[in-house]
Amino acid sequence: MKLIYGIKDKPKFGAMLIFAIQQLLAIMAATIAVPAIVGNGMTASAALFGAGVGTIVYQLFTKFKSPVFLGSSFAFIGSMSAAFGGAASMQLGYLGLIVGAIIAGLVYVIIAIVVKLAGIKWINKLMPPVVIGPTVALIGLSLAGAAINDVFSYGEKVSFGISAYFLMKTNIWVSVICALVTLIVVILCSTYGKKMAKLIPFIIGILAGYAVALIFTLIGIATNNAALMVIDFAPFKALVADGVGIKTFLALPEFSFIAAFKGLKEFNASYLATVAVAYLPVAFVVFAEHLADHKNLSSIIESDLLEEPGLSRTLLGDGIGSMAGAFFGGCPNTTYGESVGCVAITRNASIVTITTTAILAILISFISPFVAFLDSIPGCVMGGVCITLYGFIAVSGLKMIQKVNLEDNANLFTTSVILITGIGGMSMAIGKVYITTIACALVLGIIVNIVVSKARENK
């Protein structure tokens, strides 16, 4: 796949700004979803600010050679909840978020030092294409359910029987129509679009889906039909709830460190142990996803990021960037598959675009109306976009195993085990540690590959 913009290319300022907004839209839903799930007063604007700062830190460590955005990590949701659950106060909980992110980041730093000293040949041997390919595919496939849930996010879902059919009520059809319009516009722009349209299919698709949703909503308001009101204007109403003032246009995000500093007096060794147990093991799990994301991105840009700028640098960037993100937004960061998918579909790997996206994320976190607009984008519209994003991630992984000889039973069994355990949703909880489906599938794949490789050598 030939890139339209390579890593070192610099689009014109106007175009670059539009590309950056597109990247921002691609990562937006997931980035702000984490603080919403964890709750405890965490805000989307602070998480967005932290993601922007974390991405810039990552770019600095990788010498501006790895075109990917860092956003809030879903893998640490359980750890973050444990930090609040083990805290005597909200302030101590926020301090726990930052301390936990530092502990997880230090794991990355230690692994980076080991990689720097020992090289990456052992990693390539441990995780050849037959292992990493289906694992990358799983990253996309594991998100498929989330995309479809978004498509049906508006309206009542009624399931019956073992096949769980959806009873298509009026509001469900409205949701599906908005999603399909978004999806089709993205596909048409990306496939048949000329010049700029081909480079910003997500922006055009989201605007088209939003326009259709707005039409349904206005008709619903005019006819007093709640089933047609797809868009929730509550984020906009909140801006003027106390009258029009400065906060209507500009607002300072509620940074984590402000609350965290108030909890310093309560911090003790017992709470530190609680946070460490919650965060430390998850860092090793996320390391596996870090490898898969960078292998995937390497195949897209046709340049091995594990060699240049090097795995040690990407790990340092991810780890330190995660600490920075949590300091401001409370959420540890990680490289985003949505960002990788955006690069793949638009064929724009410009580092300048990613850096501009990070700066925009920081600036937008202060602009109340824009944050409100992003919050008002219906889930069904984002679902239409995510079908393509997650699909491209899955296909990128399948491309990695194109040259793998699947007539060889050793390769066939390795690939089969990863795909079936991953698609089947195999995951484990050991105490407070949750091992994700991707991590379980990857570990099993590595074990099977080692076993069959040893058996092949002993023939």
Side-chain angles (χ1 to χ4, degrees), residues 27-55 69-105 142-143 146 149-150 153 234-235 238 253-263 266-267 271-272 274-283 285-286 289 318 321-338 361 365 371 374-375 379 382 427 429 431-439:
I27 59 87
M28 180 63 61
T31 299
I32 66 178
V34 174
I37 293 170
V38 176
N40 292 289
M42 296 185 68
T43 63
S45 56
L48 197 58
F49 186 98
V53 171
T55 300
F69 190 94
L70 271 64
S72 308
S73 174
F74 278 78
F76 285 100
I77 287 177
S79 306
M80 295 165 70
S81 298
F84 279 112
S89 69
M90 187 77 73
Q91 288 77 19
L92 182 58
Y94 275 96
L95 181 60
L97 297 183
I98 295 174
V99 171
I102 292 173
I103 292 171
S142 65
L143 293 167
N149 282 336
D150 281 343
S153 61
E254 297 179 19
F255 295 127
S256 299
F257 70 87
I258 296 175
F261 287 157
K262 297 177 183 177
E266 304 173 62
F267 194 75
Y271 181 64
L272 174 62
T274 299
V275 172
V277 168
Y279 276 83
L280 193 61
V282 180
V285 173
V286 179
E289 296 180 3
D318 203 342
S322 188
M323 294 182 196
F327 184 78
F328 291 102
C331 305
N333 292 334
T334 187
T335 49
Y336 256 22
E338 289 89 341
S365 67
V371 173
L374 295 174
D375 284 342
M382 292 309 301
S427 59
K432 293 183 178 180
V433 180
Y434 176 70
I435 303 176
T436 65
T437 297
I438 303 299

When every non-hydrogen atom of A47 is compared with those of C331, the smallest separation belongs to CB-SG, 4.3 Å
Smallest separation among heavy atoms of E338 and I27, with atom names = CB-CG2, 4.3 Å
Scanning both residues in full, the closest heavy-atom pair of L48 with M28 reads CD1-CE, 3.8 Å
Residues passing the ring pair (Phe, Tyr, Trp, His ring centres under 6.0 Å) test with F69, sequence neighbours excluded, are none
Given side chains that start at C-beta, do those of I103 and L272 come closer than 4.5 Å, heavy atoms only?
-> yes
Please name the pair of heavy atoms, one in S256 and one in F327, separated by the smallest distance, quoted to 0.1 Å.
-> CB-O, 3.6 Å
Give the minimum heavy-atom separation between S45 and S365, together with the two atoms involved.
-> O-CB, 3.2 Å
Could you list the residues that satisfy side chain to side chain donor-acceptor pair (under 3.5 Å) with D318, not counting sequence neighbours?
-> H290
List for me each residue that meets ring pair (Phe, Tyr, Trp, His ring centres under 6.0 Å) alongside Y336, sequence neighbours excluded, and say none if there are none.
-> none
For T335, the side chain to side chain donor-acceptor pair (under 3.5 Å) test, sequence neighbours excluded, returns D293
Who are the ring pair (Phe, Tyr, Trp, His ring centres under 6.0 Å) partners of F255, not counting sequence neighbours?
-> F49, F257, F328
Would you list the atom pairs, donor with acceptor, under 3.5 Å between side chains in residues 88-101 and any protein atom, with sequence neighbours excluded?
from	atom 1	to	atom 2	distance (Å)
S89	OG	L92	N	3.3
S89	OG	E266	OE1	3.0
S89	OG	E266	OE2	2.7
Y94	OH	N40	O	2.9
Y94	OH	G41	O	3.2
Y94	OH	M42	N	3.1

Atom of Y271, atom of G86 and distance for their closest heavy-atom approach | CD1-O, 3.3 Å
Can you tell if the side chain of M80 reaches within under 4.5 Å of the side chain of P332, non-hydrogen atoms only?
-> yes
Do side-chain atoms of N333 reach the backbone of G50 as a donor and acceptor pair under 3.5 angstrom?
-> yes
